[in-house]
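Every chain is numbered from 1, with letters handed out A, B, ... down the list of sequences.
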2 protein chains.
Amino acid sequence: MEPFEELTSLDKLVHEPARLAIMTALAACERADFLYLQRITGLTKGNLSGHISRLEKGELLTVEKDFDGKIPRTTLALTEKGRETIVAYWEQMERLREAVDRWRPGEAPA
Amino acid sequence: MEPFEELTSLDKLVHEPARLAIMTALAACERADFLYLQRITGLTKGNLSGHISRLEKGELLTVEKDFDGKIPRTTLALTEKGRETIVAYWEQMERLREAVDRWRPGEAPA
DNA sequence: TGCACTGGTTTGCAACACAAACCAGTATAC
DNA sequence: GTATACTGGTTTGTGTTGCAAACCAGTGCA
């Protein structure tokens, strides 16, 4: 498959910028709470909440709600599948970048 | 700015997989006709046409319609701005990948 | 005079990203 | 004790988007 065709078929669940930021941050943090994640990604609460729901539905992360004394706290962490997915994503991007650099037209381009 | 915040603010016009493929292919080809581009990206005609329109509106590529004998042909090429944009995009991704690898939490993450 | 092919564009629709509005609970002020 | 404001999120509304199917104009050929 041409590298360009692989680009068009990137996993959109992970590729979307906000979710890419969330997944990547969680890969670096192991676990993080909702508000910390909001700070480092710069997303609004509503936006972050929505993306978390989508990632949870895709089984890429888990949501754990508990209390720190009396204040509620939501802690996020990648699932095993989530970790594999985000690692694979970055490896794929790196691989594609190199493949594209090496690529030469196979048939008359114009 | 945290690298994650930079991820959330990626330029969506370029980041979208189909357009990323188109731009990246054109960066490698200099110029290409519509159908060649369709083959190497695997996009449907309608889809490709739509994305080309958006990129043209964003002044990232030019559309040139001429005839090869009697058959019409549409030739695409990046503008100077387009070339700078796609090169910058891949550099930014590479830079972010490295930044994320080096990143350590600044405040209590959870 | 049909029929199929080339080279695309337009249309219609479901999915999505986003922020504003909302909500429940807690601490603080008066 | 009762407003007020903050914390920690979720739900709702809406404009935008990605996508493929349908469409269209011109050409070859039988």
A:Leu43/A:Ile22 under side-chain contact (heavy atoms from CB on, under 4.5 Å): CA gap, chis, key distance, verdict: CA-CA 10 Å; A:Leu43 294 166; A:Ile22 294 169; 4.1 Å; yes
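Using a 4.0 Å cut-off between charged side-chain N and carboxylate O, B:Arg83 and B:Glu30 make a salt bridge. The pair B:Arg97-B:Glu94 meets the salt-bridge criterion, with a side-chain N (NZ, NE, NH1 or NH2) lying under 4.0 Å from an Asp/Glu carboxylate O.
Atom CG in B:Asp68 sits about 18 Å away from atom P in D:dG26, given to the nearest Å. At whole-Å resolution of the value, CZ in A:Arg39 and C1' in D:dG9 are 15 Å apart. Atom CG of A:Leu13 is separated from atom C1' of C:dA15 by 13 Å (rounded to the nearest Å). Rounded to an integer number of Å, the gap from A:Leu35 CG to D:dC6 P is 15 Å. Atom-to-atom, CD1 of B:Ile52 to C1' of D:dG18 comes out at 15 Å; the value is rounded to the nearest Å. Going from atom CG of A:Leu37 over to atom P of D:dG8 covers 14 Å, rounded to whole Å. Atom CZ in B:Arg54 sits roughly 16 Å away from atom C1' in C:dT10 (whole-Å rounding). Distance CG (A:Leu43) to P (C:dA20): 14 Å, rounded to an integer number of Å.
Tested against B:Leu55, the residues B:Leu78, B:Thr85, B:Leu76, B:Leu60 include a single side chain to side chain contact (heavy atoms under 4.5 Å, CB included) partner, B:Leu60.
Residue A:Phe67 holds its CZ atom at 11.0 Å from CZ of A:Arg73, rounded to the nearest 0.5 Å.
No side-chain N or O of A:His15 forms a donor-acceptor pair with one of A:Asp11 less than 3.5 Å apart. With no hydrogens or angles considered, no side-chain donor-acceptor pair links A:Thr24 and B:Trp103 at under 3.5 Å.
Contact annotation: A:Arg73 does not reach the phosphate of D:dG8 (side-chain N/O to OP1 or OP2, under 4.0 Å). Phosphate contact (OP1/OP2 of C:dA17, side-chain N/O of A:Arg19, threshold under 4.0 Å): present. When the side-chain nitrogen and oxygen atoms of A:Thr44 are compared with OP1 and OP2 of C:dC18, none of them lie within a distance under 4.0 Å. Between A:His51 and C:dC18, a side-chain N or O to OP1/OP2 separation shorter than 4.0 Å is present. An OP1 or OP2 oxygen of C:dC18 is reached within less than 4.0 angstrom by a side-chain nitrogen or oxygen of B:Lys12.
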At a cut-off of 3.5 Å, list every protein nitrogen or oxygen paired with a nitrogen or oxygen from nucleotides 28-30 of chain D, distance to 0.1 Å.
none

Any N/O pairs under 3.5 Å between the protein and nucleotides 10-14 of chain D? List them or say none.
unit_1	atom_1	unit_2	atom_2	d
D:dT10	OP1	A:Lys65	NZ	2.5
D:dT10	OP2	A:Ser49	OG	2.7

Got a list of protein N/O to nucleotides 2-5 of chain C N/O distances below 3.5 Å?
none

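Under a 3.5 Å cut-off, the side chain of B:Glu2 and the backbone N or O of B:Phe4 do not form any donor-acceptor pair. Under a 3.5 Å cut-off, the side chain of A:Arg19 and the backbone N or O of A:Lys12 do form a donor-acceptor pair. A distance-only check finds a donor-acceptor pair linking the side chain of B:Thr8 to the backbone of A:Thr41 [under 3.5 Å].
Considering all non-hydrogen atoms of both residues, A:Gly58 and A:Leu13 come closest at CA-CD2, 4.3 Å. Taking each heavy atom of B:Tyr89 and A:Met93 in turn, the nearest pair found is OH-CE, 3.9 Å.
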